[in-house]
Amino acid sequence: MSDLAVISEKIKKCQKCVLAEKRTNAVPGSGNPSADLMFVGEGPGKNEDEQGIPFVGQAGKFLEEMLETIGMGRNDVFITNVVKCRPPENRDPLPDEVETCSGTYLYDQIRSIKPKIIVTLGRHAMEFFIPGRKISEVHGQPKRMVNKETGEKQVYLPLYHPAAALYHGGLRETLIKDFKKIPKILEKIDNLK
Ligand code: URA
């Protein structure tokens, strides 16, 4: 089994926090195990919990549409969340749930995939990697920082969450515009090497 498959199996059996009690399925993540782009959202919703796959509802459809605009599909990238099990009633994940889950599994996934860019979707994923910032101020701006856990330099791109853009029409164009920056950022990273 690949590293990533081993991590997925551990996630499916995980009982480290209360979110395990009510889940139908854990949602480890899906996509290309050696993706350049890793998308990190907030947590599974109802559809994701039922299917065990991230971003399969309306927000996922919008994410796929934006991927198409940069010539990619969901199998080219890796998609996951800061918590792998659905928070009840779609409440926000609690900081200790994020820490417990991502502190273990998300870092293991990053070490295995080694993405060139981690694209955070929404404020929960941004807060995990780039704490203390306001998404309204930093969205669409790539940040190169040392990942505390892996010790590696990592590029992050904080974006608004696609669900937020669906509910607040004003954010939609901003998110689409920010998303279109991805190919140039990838190109720049390649030129750094
Ligand atoms: N929203 C998220 O943050 N993640 C999903 O997997 C689905 C919706």
Side-chain angles (χ1 to χ4, degrees), residues 4 7-8 10-12 14 17-20 22-33 35 37-68 72-110 113 115 117-131 133 135-136 138-140 156-169 171-172 174-176 178-179 182:
L4 208 53
I7 300 163
S8 291
K10 283 190 193 159
I11 293 169
K12 287 182 197 166
C14 180
C17 84
V18 294
L19 298 184
K22 297 215 167 123
R23 73 178 175 224
T24 312
N25 289 292
V27 183
S30 71
N32 182 343
L37 280 180
M38 182 173 190
F39 288 86
V40 182
E42 178 177 326
K46 187 170 184 292
N47 296 302
E48 292 76 20
D49 174 68
E50 283 167 5
Q51 297 183 42
I53 303 168
F55 282 94
V56 287
Q58 283 303 310
K61 195 162 164 267
F62 184 32
L63 179 60
E64 283 178 23
E65 281 168 23
M66 288 188 288
L67 279 169
E68 262 179 44
M72 290 191 179
R74 55 189 297 151
N75 292 332
D76 297 312
V77 302
F78 192 83
I79 304 175
T80 189
N81 287 298
V82 284
V83 292
K84 313 299 196 205
C85 298
R86 182 190 183 199
E89 322 297 329
N90 291 345
R91 67 159 168 76
D92 287 351
L94 302 175
D96 66 316
E97 292 162 354
V98 174
E99 199 48 53
T100 303
C101 189
S102 288
T104 310
Y105 304 121
L106 184 55
Y107 280 132
D108 285 348
Q109 289 173 319
I110 294 167
I113 297 167
I117 310 179
I118 294 177
V119 182
T120 61
L121 300 172
R123 62 193 166 87
H124 292 282
M126 182 191 72
E127 183 64 25
F128 182 69
F129 292 109
I130 319 170
R133 305 296 180 92
I135 196 156
S136 56
V138 299
H139 68 88
Y156 300 94
L157 179 66
L159 297 185
Y160 282 114
H161 195 289
L166 289 175
Y167 292 118
H168 309 285
L171 297 181
R172 191 183 158 90
T174 306
L175 176 54
I176 292 172
D178 287 347
F179 207 96
I182 292 174

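Keep in mind it's a predicted model, so treat the numbers as computed, not measured. For ligands, and for the atoms within them, numbers begin at 1 and follow the listed sequence.
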Exercise. What pair of heavy atoms forms the shortest contact from Arg91 to Glu42, and how long is it?
Worked result: O-OE2, 4.5 Å
Exercise. Can you tell me which residue and heavy atom of the protein come closest to atom 4 (N) of ligand 1, and the distance to 0.1 Å?
Worked result: Asn81 OD1, 2.8 Å
For this session: Would you mind reporting whether Tyr156 and Val138 have side-chain heavy atoms less than 4.5 Å apart?
Result: no
Exercise. Closest approach of Ala125 and Val40, non-hydrogen atoms and distance?
Worked result: CB-O, 3.2 Å
For this session: Nearest heavy atom to atom 5 (C) of ligand 1 wins, so pick from Ala59, Ala125, Ala164, Gly43.
Result: Gly43
Exercise. Ring pair (Phe, Tyr, Trp, His ring centres under 6.0 Å) between Phe62 and His161: does it pass, once the steps are laid out?
Worked result: CA-CA 10 Å; Phe62 184 32; His161 195 289; over 10 Å; no
Seminar exercise, completed: So for Glu42 against ligand 1, with non-hydrogen atoms under 4.0 Å, the contacting part is both
For this session: Kindly check if the number of other-residue, nucleotide or ligand heavy atoms within 6.0 Å of CZ (Arg23) is above 12?
Result: yes
Exercise. For ligand 1, which atoms, with element, lie under 4.0 Å from some heavy atom of Pro54?
Worked result: 6 (O)
Problem set entry | Atoms of ligand 1, numbered as shown, that sit under 4.0 Å from any heavy atom of Gly41 | 3 (O)
For this session: Please could you name the atoms of ligand 1 that His161 approaches to less than 4.0 Å, counting only its heavy atoms?
Result: 1 (N), 2 (C), 3 (O)
